[in-house]
Amino acid sequence: MTTKAPKFAPITGEAALAMRQKAGTNQSVFWSRVGIGQSAGSRYESGRNIPRPVQMLLRIAYGTKAQSAKQVDALRPGAADGAAS
(Lines give C-alpha, C1' and ligand atoms only; values in the text may rest on other atoms or scores of the structure.)
Protein backbone atom coordinates (compact mmCIF):
# COMPACT_ATOMS: atom_id res chain seq x y z
CA MET A 1 0.00 0.00 0.00
CA THR A 2 1.37 3.41 -0.96
CA THR A 3 0.71 6.50 1.11
CA LYS A 4 1.40 9.97 -0.18
CA ALA A 5 3.54 12.36 1.82
CA PRO A 6 1.44 14.91 3.76
CA LYS A 7 0.77 18.24 2.10
CA PHE A 8 1.71 21.38 3.98
CA ALA A 9 0.35 24.85 3.38
CA PRO A 10 3.11 27.12 2.06
CA ILE A 11 4.69 29.52 4.52
CA THR A 12 4.44 33.02 3.08
CA GLY A 13 6.51 36.02 4.05
CA GLU A 14 3.53 37.34 6.00
CA ALA A 15 3.28 34.06 7.91
CA ALA A 16 7.03 34.05 8.59
CA LEU A 17 6.80 37.59 9.94
CA ALA A 18 3.94 36.53 12.22
CA MET A 19 6.02 33.56 13.43
CA ARG A 20 8.94 35.88 14.19
CA GLN A 21 6.75 38.36 16.04
CA LYS A 22 5.17 35.54 18.05
CA ALA A 23 8.68 34.29 18.92
CA GLY A 24 9.56 37.82 20.06
CA THR A 25 12.92 37.93 18.31
CA ASN A 26 14.64 40.16 15.80
CA GLN A 27 15.32 39.07 12.23
CA SER A 28 18.93 38.09 12.89
CA VAL A 29 18.08 35.70 15.71
CA PHE A 30 14.95 34.29 14.06
CA TRP A 31 16.44 33.54 10.67
CA SER A 32 19.84 32.37 11.93
CA ARG A 33 18.09 29.53 13.74
CA VAL A 34 17.23 28.05 10.32
CA GLY A 35 20.56 28.94 8.69
CA ILE A 36 19.38 32.08 6.89
CA GLY A 37 20.98 35.51 7.14
CA GLN A 38 19.06 38.59 8.24
CA SER A 39 19.16 40.10 4.75
CA ALA A 40 17.57 37.07 3.08
CA GLY A 41 15.05 36.76 5.91
CA SER A 42 14.06 40.37 5.38
CA ARG A 43 13.49 39.69 1.68
CA TYR A 44 11.32 36.67 2.52
CA GLU A 45 9.26 38.73 4.97
CA SER A 46 8.83 41.36 2.25
CA GLY A 47 7.23 38.88 -0.13
CA ARG A 48 9.97 36.94 -1.90
CA ASN A 49 9.08 33.26 -2.23
CA ILE A 50 10.50 31.17 0.59
CA PRO A 51 12.20 28.01 -0.73
CA ARG A 52 10.55 24.75 0.30
CA PRO A 53 13.53 23.52 2.38
CA VAL A 54 13.47 26.79 4.36
CA GLN A 55 9.73 26.38 4.90
CA MET A 56 10.38 22.90 6.28
CA LEU A 57 12.98 24.24 8.69
CA LEU A 58 10.62 27.01 9.81
CA ARG A 59 7.92 24.43 10.62
CA ILE A 60 10.39 22.34 12.61
CA ALA A 61 11.94 25.29 14.48
CA TYR A 62 8.92 27.52 15.05
CA GLY A 63 5.79 25.48 14.38
CA THR A 64 3.66 23.86 17.03
CA LYS A 65 4.82 20.53 18.41
CA ALA A 66 2.30 18.79 16.15
CA GLN A 67 3.45 20.71 13.05
CA SER A 68 7.08 20.04 13.85
CA ALA A 69 6.49 16.32 14.43
CA LYS A 70 4.45 16.00 11.22
CA GLN A 71 7.21 17.71 9.22
CA VAL A 72 9.98 15.55 10.72
CA ASP A 73 7.95 12.38 10.13
CA ALA A 74 7.42 13.39 6.49
CA LEU A 75 11.20 13.69 6.05
CA ARG A 76 11.98 10.23 7.41
CA PRO A 77 12.94 7.58 4.85
CA GLY A 78 9.90 5.58 3.82
CA ALA A 79 7.40 8.22 4.97
CA ALA A 80 6.06 8.75 1.44
CA ASP A 81 5.60 5.05 0.73
CA GLY A 82 4.10 4.06 4.08
CA ALA A 83 6.99 1.81 5.09
CA ALA A 84 7.18 0.93 8.75
CA SER A 85 10.28 1.93 10.65
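Counting begins at 1 with the first residue of the sequence.
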Quiz prompt | For S46, all residues meeting side-chain hydrogen bond (donor to acceptor under 3.5 Å, both in side chains), sequence neighbours excluded | solution = none
Practice problem: Report the residues that fulfil side-chain hydrogen bond (donor to acceptor under 3.5 Å, both in side chains) with Q38, sequence neighbours left out, ordered by chain and then residue number. | Solution: Q27
Self-check item: Shortest non-hydrogen separation from V34 to A61 and the atoms involved
Solution: CG1-CB, 3.9 Å
Quiz item: Can you name the closest pair of heavy atoms from A40 and I36 and give their distance?
Solution: CB-CG2, 3.6 Å
Quiz item: Taking Q21 for the side chain and A18 for the main chain, is one N or O donor matched with an acceptor at less than 3.5 Å?
Solution: no
Quiz item: Hey, is the main chain of T64 close enough, under 3.5 Å, to the side chain of S68 for a donor-acceptor pair?
Solution: no
Quiz item: Roughly how far apart are L17 CG and T12 OG1, rounded to 0.5 Å?
Solution: 9.0 Å
Quiz item: Quick one: CZ on R76 to CD on Q71, what's the gap to the nearest 0.5 Å?
Solution: 11.5 Å
Self-check item: Worked verdict on D73 versus K70 for salt bridge (Lys or Arg N to Asp or Glu O under 4.0 Å)
Solution: CA-CA 5 Å; D73 287 344; K70 185 176 177 184; over 6 Å; no
Practice problem: Any pair with a residue in residues 35-45 that passes salt bridge (charged side-chain N to carboxylate O under 4.0 Å, His left out), sequence neighbours left out, goes on the list, sorted by first then second residue, please. | Solution: R20-E45
Self-check item: Check against side-chain contact (heavy atoms from CB on, under 4.5 Å), L58 and W31
Solution: CA-CA 9 Å; L58 287 171; W31 289 102; 4.0 Å; yes
Distance-only donor-acceptor hits, side chain of residues 48-57, under 3.5 Å, sequence neighbours excluded:
| unit_1 | atom_1 | unit_2 | atom_2 | d |
| --- | --- | --- | --- | --- |
| Q55 | OE1 | I11 | N | 2.9 |
| Q55 | NE2 | I50 | O | 2.7 |

Quiz item: Which residue pairs pass the ring-ring contact (aromatic ring centres under 6.0 Å, His included) test when at least one of the two sits in residues 46-77, sequence neighbours left out?
Solution: F30-Y62
